[in-house]
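Notes follow once the structure below has been shown.
Chain identifiers are assigned alphabetically (A, B, ...) following the order of the sequence lines, protein sequences preceding nucleic acid strands; residue numbering begins at 1 within each chain.
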Protein chains: 2
Amino acid sequence: MDLRRLVYFVAVAEELHFGRAASRLAIAQPPLSRQIAQLESDLGVMLIDRSRSQIRLTQAGNVLLERARDVLERLDRTHREIKRIGEGFSGHLRVAFVGSATYGVLPNVIKAFRSAYPDVELALSAMNNAEQKRAVIQREIDIAVARPSLDDEELKSEPLLQEPLILALSDTSPLLERQVTRLSALKSETFVLYPRKPRPSFADHILNICLEEGFIPKSQVLAQDYQTAISLVSVGVGIALVPKSVSQAERPGVAYRAYEGHNPGTALSLNYRRDNRMPHLFNFLKVAQDVVRRQRKP
Amino acid sequence: MDLRRLVYFVAVAEELHFGRAASRLAIAQPPLSRQIAQLESDLGVMLIDRSRSQIRLTQAGNVLLERARDVLERLDRTHREIKRIGEGFSGHLRVAFVGSATYGVLPNVIKAFRSAYPDVELALSAMNNAEQKRAVIQREIDIAVARPSLDDEELKSEPLLQEPLILALSDTSPLLERQVTRLSALKSETFVLYPRKPRPSFADHILNICLEEGFIPKSQVLAQDYQTAISLVSVGVGIALVPKSVSQAERPGVAYRAYEGHNPGTALSLNYRRDNRMPHLFNFLKVAQDVVRRQRKP
DNA sequence: TGCGCTGATGACCAATCGGTATCGAACCCG
DNA sequence: CGGGTTCGATACCGATTGGTCATCAGCGCA
């Protein structure tokens, strides 16, 4: 049962006149007659009663008209649906992010994406870098918002944001009395660091900064993530270096200060499989870059 | 969106392999690749991610697979449905009959048709000849079971059954004492007749019989139909000539007797439009003739 | 009875489809 | 890391199919 024939049949059934149906279909009358005849012989059923000058549908014809309209309408809807998915206006996108991205631009990016593509279902999940890498490679997620970036042959990474580091101190710390703190002046403080694996880790990053400033923290404490680090700082365990955006979340017992000294900052990046061509992905990248650009301007 | 392409796409989507899909479809691989590419460009959407050796469906592809299966299955069901209608195994048939057919073969014909074609919806209605003629010509009904037949250029009529006439008498009638009654012996009885219009009417038919027997009933009473006639007979108004099958319905106060004399009987016929080619009609005719033939045999 | 309308049919041409041969990229394996 | 293998894409050719134009045949109407 060819689709074209169904369209032709519906036209004839609606016009009840081959000539008019043909002109509605923008074809000549003979091929229309032939296609209908072909359809009838395919089905082995008369669909149109031509015994009079005014043609009429048989019972089979009436039922087919109903079914054909239904099918054609479904195909039409499907066409539009597919097209919207193909343009990234519908469907779903799975995004994972490091916990520390929660305070910075990411919420704005999400908000912007949602309002630009309200019919795209966003599946968000928090993961650390290692989990992100695994998940994005295994296609469990489409985009990883990582810090600083995921490095893999299969992946592409593009920078989203560069932000400076900032010092997190207990709000009872005597260090708060000074206006500016030189990093090297803190060499005897206890530093809250981060897991060493996988290399290169954010812990290495911090230690390198210290090295640049000419010292190695004598006392080190490990925390799983920034949240834990800040908690440790708040109870007076020590000091920590965190991305500036983390300071946006006020926390009792913690104060933030800029410091003097080597500050290479830290980067947020968008990571995805090289072979992932889905439009939603590119739309998300675009929206994210736009949000960052707009946020930096004013 | 060509239907063939949908079938091809479903095959590829299910096999996730062009070669296997092609052999399943019994075509070569190149045309399959081309048809899929064509489908994609028609829709303006990538449906299959070919970036790896193991191909995979895109989001749009997944949705299309679902929709395409649905549509193809609907078309398949429609195909079967239409075919059944075309063979007369499904659909509906509108039959009208004269009231006097209620007692004879008609119930058996209906029963036989229902059991042979249980999915055909039978619409039955009682009509007199004039109504039947109008209705069948205007296509409000498909078959008219008439007595004796409908005569019209547009119609075809085929005999269903020939049955003798029988005498209906009051069960208190002294005529019952004789074994056989000669019709001409009843010339002074009151005859219950039937409407004279439209000509030739059943009244004319009865009067002709009397004429053949050499008399004209002196006393005549009119009844709309056989039921009324029998009622009149039961209350002693007079006697009536009715088709033998009418006597199958026992009625208090009425007795039936064969008579001696001219008995041309009366016919039941099946009438339908010449241009009505619907299979249900022919199936009905066949079943009706079969029932009559079988009933006559034993 | 002839004319007009309508759908069917036949001849011919163009577009589409499927087949074969071949290519090129990715993957596998030693 | 290089050669063979696998798999989808491309190029080209013949066959099928769909379209146009011209014409025919049946029915209704004057």
What's the spacing between A:Leu57 CG and A:Leu47 CG if we round to 0.5 Å?
8.0 Å
Using whole Å, what does the distance between atom P of nucleotide D:dA25 and atom CZ of A:Arg50 come to?
18 Å
Only one of A:Leu160, A:Val109, A:Leu161 clears side-chain contact (heavy atoms from CB on, under 4.5 Å) with A:Gln289; which?
A:Leu160
When you get a sec, tell me which of C:dG7, C:dT20, D:dG18 is the closest nucleotide to the side chain of B:Pro30?
C:dT20
Heavy-atom donor-acceptor pair, B:Arg34 side-chain to C:dG18 base, under 3.5 Å
yes
Only one of A:Ile36, A:Leu43, A:Asp42 passes side-chain contact (heavy atoms from CB on, under 4.5 Å) with A:Arg5; say which it is.
A:Asp42
Find the distance A:Gln38:CD to C:dT9:C1' and express it as a whole number of Å.
14 Å
In whole Å, I'd like the distance from the CG atom of B:Leu3 to the C1' atom of C:dT16.
16 Å
If we check salt bridge (charged side-chain N to carboxylate O under 4.0 Å, His left out) with B:Glu154, which of these qualifies: B:Arg273, B:Arg139, B:Arg274, B:Arg134?
B:Arg273
Residue closer to the 5' end of DNA chain D, A:Ser51 versus A:Ala26 (nearest nucleotide)
A:Ala26
To the side chain of B:His17, which of C:dG7, D:dG8, D:dT20 is closest?
D:dG8
Rounding to an integer number of Å, can you tell me how far A:Arg56 CZ sits from C:dT6 P?
16 Å
Taking atom types as modelled and ignoring hydrogens, do the side chains of A:Ser100 and A:Arg147 form a donor-acceptor contact shorter than 3.5 angstrom?
yes
Nearest-angstrom distance from the residue atom CG of A:Asp42 to P of D:dT17
11 Å
Give one of base, sugar-phosphate or nothing for B:Ala28, where a contact means two heavy atoms less than 4.0 Å apart.
base
Give the rounded distance in Å between these two atoms: CG of A:Leu25 and C1' of D:dG19.
13 Å
It should be established whether A:Ser33 places a side-chain nitrogen or oxygen under 4.0 Å from OP1 or OP2 of nucleotide C:dG7.
no
So what does B:Arg5 hit on the nucleic acid, given a heavy-atom distance under 4.0 Å: a base, only sugar-phosphate, or nothing?
sugar-phosphate
Atom CG of B:Asp275 and atom C1' of D:dG26 are separated, to the nearest Å, by 14 Å
Heavy atoms only, 4.0 Å cut-off, all strands: where does B:Gln29 land among base, sugar-phosphate and nothing?
base
Of the candidates D:dT20, C:dC17, C:dG7, the side chain of A:Ile27 sits closest to D:dT20
Taken to the nearest whole Å, CG/B:Asp2 to C1'/D:dT16 is 14 Å
